[in-house]
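Below you'll find the structure, written out as structure tokens, and then a few comments.
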Amino acid sequence: MRGCVCTTVQYLHGVEVRSKLLSTLDEPDVVPQTDLVPTLALSLGIPIPFSNVGQVLLPLFPPPQTGGAVTRLSQLEALWINTKQVNRFLETYSGLAKDITPEILSELKAEFSRLSSEYLSTVREGRPPPPHLASSLQAYLTSVRDTCRATWARFNPVKMAAGLALLTFACLMCFVMSELSMALTEEKRAGLKAPTAVAVTVGVGVAAAQLLARGYVEAAWCLAAGTFSSEVLFLWRAWRLNSPAVLKNGAKASKLSRWMSLRRLLLPSLVVLLLRCASLLSDSYVIYEGRVVTFLLLSLALCIPIHLNWNGHLLPPTPDPLKSAGLLPSPTLSPAAIRKESSTVLGCLGVLVICAYFSLSFHGCREEQGFCQPSPFLSPLSRLQDNQLKNLYYILSVISLAVCAYFLRLCLCHYGNLNSSGRTAFTARWILPLLCICTGLHWAVSATPEDGFRNLAELIRVAQLAFPRAAFGLLGVGLSLIFVDPLTVFVKTRTAASARSSALPLPRYRASTGISPQAELRHLIPQIYQRMRRSLEDGELSGGAEEDNRPAVEAYGLGTVYSAPVLLFCGLLGIGLLLLHPEGMTLSFLLLLLEMGALLHIHASSTTLSGSPRSTSGGFNVPWTPVVVWSLAATQFFHATGHLPTFPSIQWGAAFVGFPDGHAGTILPAFLVTLNTFASHILFAGEKMTFC
């Protein structure tokens, strides 16, 4: 702080005042940072900020006795201007908030009135100020600052404990609902109607009790009481499902009645999730959240092959020569299939580690990280002065964008989703490459220096408007086509089909008619499977008369009928969100795409190796491990796209992509900034549906 003060004095008042100040600061006192605000403002001749509660540093201003032509404020004048500003803030704040007690507020107002009359009378009469006036003004400023600090730093331990309890019970309630979703939705079991009714009743009761006892109602306690009572009732009714009383005739306990076992609560995924929630209370975690989340992600991902190997699912079983072959259980997968799935798990785990490691190169830096250097990819190309470096970054960005589009198209081609002639296939064939071209051209135009092409300034300005808006238009059309016609299945009937197969009508997708796409889709897939089954049966009865032993009916893209539209939807949306980021973030988005694919393949292969059924008692079950891993990956790439959980790190430039002249309102720019900030969460939330 001493060095900061000396630098400021040297800049404002010269070396002479600086040497005088250094002679008086042999053992300097601690100077609050709030005192620098009014001192610098008055020294620079600008108004003091409205919300300032600090007081000026008197050694930086000349005393009132200084003779000659005085061009700067004296100590008493600086204190008076500071006092008026603080009093104005105090009056405005006390009128809006009722935190300050009326007794203290009246005392401060009376003190300011006395000091104001005394100072104004001294100036009006032209006599020297009394010696105690400056100290009285300083005492008033100190009193206001102490009062505001005591008001703002007021904590209620009871309310804090109640809030933590509510959050804890809410997290436990979410866990119970996810585990017992099928049982809790039944009307005869622990539904949600009774807890809701109890919450309303208790809240109204607490409000009535407060009104009778205190004469006023504190809404926070009413809401807390209602919420807490509903959570307790919900957990108690859910606990009854775990008791043996729900079993009839000594039947074996079902999965629903064993949901709160210690072994189930100590899963690695839940332990990692608990560690992340608990680490939010640590300052070190808040500062280094990006690296901590990456560490938790890789730790939990490593637990998957370790768990598979612990249960004997990662490697093919070795036959025991001492046991009879008939006593050994028959494996569900062949050794070749086990080796293939194990290789997929380990290979994708390596891809995940590489992507997580390189994603650290795109992090930003917080103010608390003094030795941290932000990623050079966070700077837009227009701010780079080196033309060679600018060209290199642009080429890398375009190549990464092309690789993303190529991988997306390759995946759809591999599973046969582009064989059809529907709207979704049209989007993948034409709208996706056009969107990439518009994005690349927008980057090229935005990186062009205006000084180098003054004759084309108007053309560049039009291009800065046209290319991003054209990209937004293509994105909207593509997403709408996927939503209207999401089917990517192509059904082909061979000409040499049997009479029985040819008699069956070819199923068609009629989303354009009055039938809803959801209702039609439920009947279309069974029809295609039924037609293929009958075609195969006819081929067997005819002794394989069909040439090259192919069935009479072929369907392409049937295995990815649900995941292909979601994948294409998220791919288009990802390119649109990339348009709102700096050009260098294309490499980060490519890593995001690779990590998504690696996580999906790890989940699919581990599920196949473990052989655990994914549907139980008519319901659908997704393990906790992929869900937690997916959530950690979304948070990881929140940091890997240059974002930080701080307001100064918000990328406000996203609001002006396609709108360089500004906006007429606030809704559209706020929407664009929101999309930019939470791009990773939006993409991972869309791709999470492919887990099902």
Side-chain angles (χ1 to χ4, degrees), residues 1-2 4-14 16-18 20-21 24-25 28-97 100 104-152:
M1 186 59 65
R2 177 178 176 179
C4 179
V5 172
C6 293
T7 305
T8 305
V9 172
Q10 181 181 6
Y11 175 73
L12 297 175
H13 305 301
E16 180 180 358
V17 180
R18 174 178 177 269
K20 185 184 298 184
L21 179 65
T24 60
L25 292 181
D29 296 331
V30 176
V31 178
Q33 294 183 1
T34 54
D35 293 349
L36 293 177
V37 176
T39 303
L40 293 177
L42 294 180
S43 300
L44 294 173
I46 60 177
I48 301 177
F50 170 75
S51 58
N52 166 70
V53 291
Q55 57 180 293
V56 293
L57 300 175
L58 290 185
L60 302 182
F61 297 90
Q65 291 81 10
T66 303
V70 179
T71 59
R72 291 184 282 111
L73 294 174
S74 64
Q75 293 180 356
L76 192 60
E77 290 173 340
L79 280 174
W80 172 243
I81 296 174
N82 191 188
T83 303
K84 289 195 301 181
Q85 173 268 323
V86 170
N87 179 72
R88 190 185 311 114
F89 168 74
L90 181 64
E91 290 180 350
T92 306
Y93 179 79
S94 60
L96 297 176
I100 304 177
I104 298 178
L105 187 60
S106 60
E107 293 179 1
L108 292 175
K109 289 182 177 180
E111 181 67 14
F112 176 77
S113 299
R114 185 185 67 81
L115 294 174
S116 175
S117 60
E118 186 175 356
Y119 176 82
L120 293 178
S121 62
T122 301
V123 174
R124 189 166 43 249
E125 297 174 0
R127 55 185 174 85
H132 68 276
L133 183 56
S135 59
S136 299
L137 291 174
Q138 285 182 309
Y140 172 78
L141 293 173
T142 304
S143 301
V144 173
R145 180 172 58 189
D146 294 342
T147 301
C148 292
R149 283 181 177 178
T151 301
W152 297 333

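Only a predicted model underlies this, so the values are computations on that prediction, with no experimental measurement involved.
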* Asked: Taking it one step at a time, do Leu40 and Ile46 satisfy side chain to side chain contact (heavy atoms under 4.5 Å, CB included)?
  -> CA-CA 9 Å; Leu40 293 177; Ile46 60 177; over 6 Å; no
* Structure fact -> Residues at least two apart in sequence or cross-chain that pass side-chain hydrogen bond (donor to acceptor under 3.5 Å, both in side chains) with Thr142, listed by chain then number, are Gln55
* Structure fact -> Heavy atoms of Thr151 and Tyr93 approach each other most closely as CG2-OH, 4.2 Å
* Structure fact -> Between the CG atom in Leu137 and the NE2 atom in His132, the distance rounded to the nearest 0.5 Å is 9.5 Å
* If you measure from the Lys or Arg side-chain nitrogens to the Asp or Glu carboxylate oxygens, is any gap between Glu111 and Arg114 under 4.0 Å? -> yes
* Asked: Considering all heavy atoms of both residues, which atom of Pro38 and which atom of Ile48 are nearest to each other, and what is their separation?
  -> CB-CD1, 4.0 Å
* Can you find a heavy atom in the side chain of Ser143 that is under 4.5 Å from one in the side chain of Glu107? -> no
* Asked: Nearest 0.5 Å, what's the OG1-CG distance between Thr34 and Leu36?
  -> 8.0 Å
* Looking only at non-hydrogen atoms, find the nearest pair between Val56 and Asn82 and report the distance. => N-OD1, 3.1 Å
* **Contacts of Arg149 that satisfy salt bridge (Lys or Arg N to Asp or Glu O under 4.0 Å) - sequence neighbours left out** => none
* **Considering all heavy atoms, the nearest Phe50-Phe89 contact** => O-CB, 3.4 Å
* To do: Please test Ser106 against Lys109 for side chain to side chain contact (heavy atoms under 4.5 Å, CB included), starting from the C-alpha separation and ending with a verdict.
  => CA-CA 5 Å; Ser106 60; Lys109 289 182 177 180; 5.7 Å; no
* Asked: Which distance, rounded to the nearest 0.5 Å, do you find between the CD of Gln75 and the CG of Leu57?
  -> 11.0 Å
* Asked: Asn87 and Phe112: which non-hydrogen atoms are nearest, and at how many Å?
  -> ND2-CE2, 3.3 Å
* **Ile100 side chain near Leu108 side chain, heavy-atom distance below 4.5 Å** => no
* Structure fact -> Taken to the nearest 0.5 Å, the spacing of Leu76 CG from Leu133 CG works out to 5.0 Å
* Between Ser136 and Leu115, what is the shortest heavy-atom contact and its length? -> CB-CD2, 3.5 Å
* Asked: Which residues pass the salt bridge (Lys or Arg N to Asp or Glu O under 4.0 Å) test with Arg127, sequence neighbours left out?
  -> Glu125
* How many angstroms lie between OG1 in Thr83 and CG in Leu141, if you round to the nearest 0.5 Å? -> 4.0 Å
